[in-house]
Amino acid sequence: MGEDERVSPLKNFLAGGVGGACLLLAGHPLDTIKVRLQTQPKASCTQFVLYTGTYDCFRKTVTKEGVLGLYKGMGAPLAGVAPMMAISFFGFGLGKQLQQRDAGTPLTYTQIFLSGCLAGIFTTVIVAPGERIKCLLQVQASSGQFKYAGPLDCAVQLYKEQGLRSIYRGTLLTLIRDVPSNGLYFLTYQYLKHFLTPEGQSVSQLSTPNILLAGGLAGILNWTIALPPDVLKSNFQTDGKYTGLVDVLRTLLREEGPAGLYKGFNAVFLRAFPANAACFLGFEVALKGLNRLAPSW
């Protein structure tokens with residue numbers, strides 16, 4: 001599978017930041033719903049669940065908090081998602097560059113996958129604390145118990161409790177989620193770009209609808225394998241009762257069974273297509289602009 005142009009990690013970094021901003025704006029409302037569904041308490045014999053599903057969570061959130069309630073906790077990812085995606089695309093570009101002998105040497109599917117895995121490792125440094133803060137803010141808004149005034153206050157309080165260890169709680173689960181899923185994410189997008197390119201045309205000439213299709217499908221496949229560890233991560237990061245990965249997994253399986261690992265399924269997959277379609281479109285548009293402005297980078 002060949003690439004039409006020399007890989008530039010720097011351009012990937014800048015264009016990835018644009019893609020990350022597009023992803024957040026398109027996907028955060030459903031991300032809020034996803035986290036609230038994943039972390040709501042299990043129903044007891046005398047108590048009903050807070051939300052019965054994606055639409056019910058959406059309706060109750062908007063009714064109680066207004067449309068802005070869907071954007072609760074966006075401050076932390078807003079500060080982190082653009083640099084996160086910038087680093088993700090940088091890591092992917094670097095992985096490809098390290099494996100690409102020259103601009104005309106085709107990269108294998110395995111090499112593309114490994115480049116994506118490298119991107120997942122790179123982003124964890126930013127993702128883990130950002131998602132810890134985001135999840136805590138999203139959950140407190142739905143519970144009505146406001147402990148944190150905002151992202152900065154949340155970060156300060158977490159640091160005062162146990163230092164950086166508290167802020168980075170859930171890092172291992174973030175790695176387990178992001179390394180293989182990022183590999184599949186970039187592999188799927190690259191494969192679909194080539195598959196959807198008409199014969200005789202360059203991949204760089206792929207139409208906007210096809211870029212959206214490839215990006216959206218890549219996002220869906222990414223979350224297919226990322227959702228179970230994401231559920232574990234959300235619970236581990238928002239509930240201090242868990243001692244580690246094995247504990248949260250064992251507790252969730254005991255209380256809710258295997259289906260508990262797919263809580264928030266509808267919200268995740270409703271979000272995955274538009275958010276990642278917007279991300280890759282933003283990335284491709286920004287990358288083309290950079291290629292015109294600075295072709296030698």
Side-chain angles (χ1 to χ4, degrees), residues 20 24 27-28 31-42 50 65 69 71-88 91 117-182 226-256 260-261 263-264 268:
L24 179 64
H28 191 79
D31 183 73
T32 297
I33 293 173
K34 178 206 73 172
V35 171
R36 292 184 177 185
L37 288 171
Q38 288 177 344
T39 57
Q40 67 174 329
K42 185 178 182 293
L50 184 58
E65 306 170 48
Y71 287 89
K72 285 287 175 66
M74 196 175 77
L78 186 61
V81 75
M84 176 198 78
M85 293 306 294
I87 291 174
S88 177
C117 289
L118 181 63
I121 295 172
F122 272 40
T123 56
T124 298
V125 176
I126 292 179
V127 170
E131 293 221 345
R132 165 95 155 124
I133 294 168
K134 171 183 72 73
C135 288
L136 286 171
L137 292 173
Q138 288 172 328
V139 171
Q140 77 163 5
S142 64
S143 66
Q145 299 176 356
F146 292 93
K147 179 181 178 181
Y148 309 109
L152 182 59
D153 180 55
C154 182
V156 170
Q157 288 196 46
L158 290 175
Y159 184 78
K160 287 181 178 178
E161 289 172 5
Q162 291 184 333
L164 287 176
R165 180 181 177 183
S166 179
I167 295 176
Y168 276 88
R169 180 179 172 87
T171 298
L172 176 60
L173 280 164
T174 304
L175 278 170
I176 293 173
R177 182 194 69 177
D178 287 353
V179 172
S181 64
N182 269 272
L227 185 55
D230 184 65
V231 172
L232 297 176
K233 180 192 70 66
S234 293
N235 281 275
F236 184 70
Q237 289 184 322
T238 57
D239 196 331
K241 71 180 182 182
Y242 300 113
T243 59
L245 166 61
V246 176
D247 183 36
V248 66
L249 176 61
R250 184 173 55 240
T251 302
L252 197 65
L253 290 176
R254 183 179 65 248
E255 294 182 351
E256 303 180 44
L261 294 173
K263 286 194 296 186
V268 166

Minimum heavy-atom distance between Leu173 and Phe236, given as atom pair plus value:
CD1-CB, 3.9 Å

Could you go through the side chain to side chain contact (heavy atoms under 4.5 Å, CB included) check for Glu131 and Asp230 one step at a time?
CA-CA 10 Å; Glu131 293 221 345; Asp230 184 65; 4.3 Å; yes

Can you check side chain to side chain contact (heavy atoms under 4.5 Å, CB included) on Gln162 and Arg169, steps first, answer last?
CA-CA 10 Å; Gln162 291 184 333; Arg169 180 179 172 87; 5.8 Å; no

Sub-4.5 Å side-chain heavy-atom contact between Leu24 and Met84:
no

Mind checking the CD1-CG spacing from Ile121 to Leu175? Nearest 0.5 Å is all I need.
7.0 Å

Correct closest heavy-atom pair for Lys72 and Glu65 would be NZ-OE1, 2.9 Å

Just verifying a value: how many Å separate Leu158 CG and Leu136 CG, rounded to the nearest 0.5 Å?
6.0 Å

Test your reading of the model: is there a side-chain donor-acceptor pair from Tyr71 to the backbone of Thr32, 3.5 Å cut-off?
no

Write down the atom of Asn182, the atom of Asp178, and the distance for their closest heavy-atom approach.
ND2-O, 2.7 Å

Listing, residues 243-254 side-chain donor-acceptor contacts under 3.5 Å, not counting sequence neighbours, or none:
{"unit_1": "Asp247", "atom_1": "OD2", "unit_2": "Thr243", "atom_2": "N", "d": "3.0"}
{"unit_1": "Thr251", "atom_1": "OG1", "unit_2": "Asp247", "atom_2": "O", "d": "2.8"}

Would you name the heavy atoms of Cys154 and Leu137 that are closest together and state the gap between them?
CB-CD2, 4.5 Å

What heavy-atom pair brings Ser88 and Ala119 nearest, and what distance separates the two atoms?
O-CB, 3.1 Å

Contacts of Asp31 that satisfy salt bridge (charged side-chain N to carboxylate O under 4.0 Å, His left out) - sequence neighbours left out:
Lys34, Lys134

Go through the structure and list residues passing side chain to side chain donor-acceptor pair (under 3.5 Å) with Thr174, not counting sequence neighbours.
none

For Arg132 and Ser166, does a side-chain donor sit closer than 3.5 Å to a side-chain acceptor?
yes

Pairwise distance CG(Leu50) to CZ(Arg36) - rounded to 0.5 angstrom
9.0 Å

Out of curiosity, Gln157 CD to Ile133 CD1, how far, rounded to the nearest 0.5 Å?
11.0 Å

Restricting to non-hydrogen atoms, name the atom on Ala155 and the atom on Ile167 that form the minimum distance, rounded to 0.1 Å.
O-CD1, 3.8 Å

